[in-house]
Amino acid sequence: MYSTAVAVFLVILVAALQGSAPPESPFLYRIPLDPEESLELSWNVSYPQEAIFFQLLVKQLKAGVLFGMSDRGELENADLVVLWTDGDTAYFADAWSDQKGQIHLDPQQDYQLLQVERTPEGLALLFKRPFGTCDPKDYLIEDGTVHLVYGILEEPFQSLEAINSSGLRTGLQRVQLLKPNIAFPATLSDTYTMDIHAPDIQIPNQVTTYWCYIHELPEGFPRHHIVKYEPIITKGNEALVHHMEIFQCAPEMDNVPHFNGPCDSKMKPDRLNYCRHVLAAWALGAKAFYYPEEAGIAFGGPGSSRYVRLEVHYHNPLVIEGRHDSSGIRLYYTDKLRRFDAGIMELGLVYTPVMAIPPRETAFVLTGYCTDKCTQLALPPSGIHIFASQLHTHLTGRKVVTVLARDGREWEIVNQDNHYSPHFQEIRMLKKMVSVHQGDVLITSCTYNTEDRELATVGGFGILEEMCVNYVHYYPQTQLELCKSAVNAGFLQKYFHLINRFNNEEVCTCPQASVSQQFASVPWNSFNREVLKALYDFAPISMHCNKSSAVRFPGEWNLQPLPRVISTLEEPTPQCPTSQGRSPAGPTIISIGGGKG
């Protein structure tokens, strides 16, 4: 009975809803959803319609599938679309899950099924969804990271409400859905290619691996501009290669030991820690990265290290054994130097323990500044133009935003990710260039969640410490490489002295105690938390307005006042789609006789 029902289900789906899709256009973006690659998602973005057209390819359909989005990749409190059968009839519906994972029909049907088609690869479902729906049960699709969720239905269910996600084979995938609508040249003339990849390594049989490989440029390699790069993924490993980065080593390092192994290996040479200058970064779902036609990032020649480090993040949730991989990044470079050198500038917080997050916080915000004093001194009169950005925190980061302020008013957002994940980092092209002028302020804020930690999380380089960084890619290159801040250390000591008056001198303020030790001894009651927030919101800062040599620009940079912002940007109001574009209020029912449901 069950196999017959599934066969009927397939026949129904193949026969139904033909011809209801808009004129076909190629899907620009494609990712595997699950490690076995039995589910494949493709999509296009329509900015005029403010909608996404999805194609979900189910290669081995059983009794249905669910797909959707949630805040952090949970199947609870998720916005879903479900395809299922009760054994006799097939249904497609917009749904949502509650905090227990129970599935419910959404009375406002905003996923619109357009077509179901049998292909040589499997069953392809074409449907569309507006960015925003004004439905409280729906996920608002924004510019940053989206956590996609999926589930496989292996047997019929008598009703949608009978489905509970906790009993399904489920998973998540992170992606940026709203790619910028930027035209790129079809071909690049006068370019060479260089493939940087680890040679046929065996992926470790563990969930998470960061693999490091040192690549050496040819002896006497002259100055070039990188103008494009793209991923090279070993066929069959598309679901395992999560993200990759290429870092150039410090120019003063004339010799770097060759290494090919896990980045956390005890055999990794310490010198690899000085290979941190980002040249390229790719994450799952990203296409080729192009530099603006008037700029390229310089590498090779005098003042440039011959050594680069490839870092590949493998995500192997099924702990597959014996899989070999040679994935990496292909650089396109030219000796026809472009008008401008592109530069990379660090914004945000200095890597220092004076900036800390108390434990058991759900949304604690730290902010770093690139002040008007620094931009006035270090930027050219014509300013700079930011065209791409890479946001970065460690494990507790949940949101990151950089805002440009001018004349005391927030002017525009440089980059924002309200669903940021430290496990999904890529250089993202901005939808429009952001021009920064002398006297402007760049404010970078990070939101952290430390609910699972018992001690304060301090700033630093360690993975269990925290960072708040935006690597902005811009042109023309200037001497300013780092524009970051931290609270003044003297005012932090005043904080420790103050809370000691109310906590029986529990925090050691003696000279031999490190800041990390002091934070570890703080009793985190509500008073101590609120006073620390107030300190970070009002105390003077120490500015790092640094050249590439790590030397600060001339001037007084300690005890600097926080930039004054008298006007903030308003939150954009979501545009509610008209009911005309919605599906019927109930599930789309497909009759056995075929036709449109």
Side-chain angles (χ1 to χ4, degrees), residues 182-199 212-232 244-256 258 271-272 274-282 286-312 326-346 380 384-390 426-430 433 471-481 547-549:
I182 300 174
F184 299 116
T187 58
L188 290 170
S189 58
D190 301 318
T191 58
Y192 309 92
T193 61
M194 178 184 296
D195 291 355
I196 299 177
H197 62 92
C212 283
Y213 172 72
I214 289 293
H215 178 91
E216 183 178 354
L217 301 181
E219 186 81 39
F221 187 74
R223 181 180 174 85
H224 291 82
H225 271 163
I226 298 172
V227 296
K228 171 189 171 182
Y229 59 81
E230 64 186 8
I232 314 166
M244 303 181 287
E245 293 187 84
I246 295 177
F247 302 90
Q248 191 164 32
C249 299
E252 59 271 16
M253 298 177 65
D254 55 4
N255 186 34
V256 176
H258 285 272
R271 285 195 173 195
L272 269 65
Y274 295 92
C275 305
R276 297 204 310 263
H277 179 73
V278 179
L279 282 183
W282 171 90
K287 306 289 280 185
F289 182 94
Y290 292 81
Y291 281 85
E293 291 184 354
E294 60 272 29
I297 192 163
F299 83 133
S304 176
S305 174
R306 289 177 48 226
Y307 299 91
V308 297
R309 172 170 63 92
L310 172 70
E311 182 176 294
V312 182
S326 297
S327 297
I329 292 179
R330 175 170 295 145
L331 304 177
Y332 291 76
Y333 62 97
T334 179
D335 54 8
K336 304 290 192 298
L337 300 183
R338 294 184 169 184
R339 181 182 175 190
F340 297 113
D341 283 346
I344 302 173
M345 186 189 306
E346 286 189 41
I384 61 171
H385 308 288
I386 299 174
F387 58 87
S389 162
Q390 182 186 13
E426 62 180 343
I427 301 174
R428 290 177 179 165
M429 298 290 293
L430 304 185
M433 281 198 202
Y471 299 97
V472 292
H473 294 243
Y474 72 96
Y475 71 88
Q477 186 180 31
T478 70
Q479 287 188 299
L480 182 61
E481 189 162 291
K547 302 179 182 180
S548 56
S549 59

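Just so it is clear, the structure is predicted and the values come from calculations on it, not from any experiment.
Looking at every heavy atom in both residues, Tyr213 comes nearest to His197 through CE2-O, 3.3 Å. Nearest heavy atom pair, residue Leu331 against residue Ala280, reads CD2-CB, 4.3 Å. In terms of heavy-atom proximity, Ala288 sits nearest to Lys228 at CB-CE, 3.7 Å. Across all their heavy atoms, Pro231 and Met244 have their closest contact at CB-CE, 4.0 Å. Shortest non-hydrogen contact noted between Glu311 and Cys212 is OE1-SG, 4.3 Å. Scanning all heavy atoms of the two residues, the minimum distance from Leu310 to Ser327 falls at CD2-O, 4.0 Å.
Residues passing the salt bridge (Lys or Arg N to Asp or Glu O under 4.0 Å) test with Asp195, sequence neighbours excluded: Arg330. Glu216 is linked by a side-chain contact (heavy atoms from CB on, under 4.5 Å) to His258, Arg306, Tyr307, counting only residues two or more places apart in sequence or in another chain. Under the rule for a side chain to side chain donor-acceptor pair (under 3.5 Å), the partners of His385 that lie at least two apart in sequence or sit in another chain are Ser435. Remark: Tyr474 engages Thr478 in a side chain to side chain donor-acceptor pair (under 3.5 Å) (not counting sequence neighbours). Scored by the side chain to side chain donor-acceptor pair (under 3.5 Å) test, His225 finds Asp341 as partners (sequence neighbours excluded). The side chain to side chain donor-acceptor pair (under 3.5 Å) check on Arg428 picks up Thr145, Asp417, Glu426, with sequence neighbours excluded.
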key: Derivation and outcome, ring-ring contact (aromatic ring centres under 6.0 Å, His included), residues Phe387 and Tyr291   = CA-CA 8 Å; Phe387 58 87; Tyr291 281 85; 5.7 Å; yes
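Rounded to the nearest 0.5 angstrom, Ile214 CD1 and Phe247 CZ are separated by 11.0 Å. To the nearest 0.5 angstrom, Ile232 atom CD1 is 9.0 Å from Ile196 atom CD1. Note that CD1 of Ile427 is 5.0 Å distant from CD of Gln390, once rounded to the nearest 0.5 Å. Met345 contributes atom CE, which lies 4.0 Å from atom CD1 of Ile384 (distance to the nearest 0.5 angstrom). Rounded to the nearest 0.5 angstrom, Ser305 OG and Leu217 CG are separated by 7.5 Å. Expressed to the nearest 0.5 Å, how far CE of Met433 lies from CD1 of Ile386 amounts to 11.0 Å.
A distance-only check finds no donor-acceptor pair linking the side chain of Thr191 to the backbone of Tyr332 [under 3.5 Å]. With hydrogens and angles ignored, the 3.5 Å screen pairs no side-chain donor or acceptor of Arg223 with any backbone N or O of Ser304. Side-chain atoms of Arg271 never come within 3.5 Å of backbone atoms of Cys249 as a donor-acceptor pair (strictly under, hydrogens ignored). Glu294 places no side-chain N or O within 3.5 Å of a backbone atom of Phe340 that could act as its donor or acceptor partner.
Of the candidates Phe289, Trp282, Phe299, Phe289 is the only one forming a ring pair (Phe, Tyr, Trp, His ring centres under 6.0 Å) with Tyr229.
Summarising the local packing, CD of Glu293 is surrounded by 12 or fewer heavy atoms from other residues, nucleotides or ligands at distances under 6.0 Å.
Counting only heavy atoms from C-beta outward, the side chains of Asp335 and Pro222 never approach each other to under 4.5 Å.
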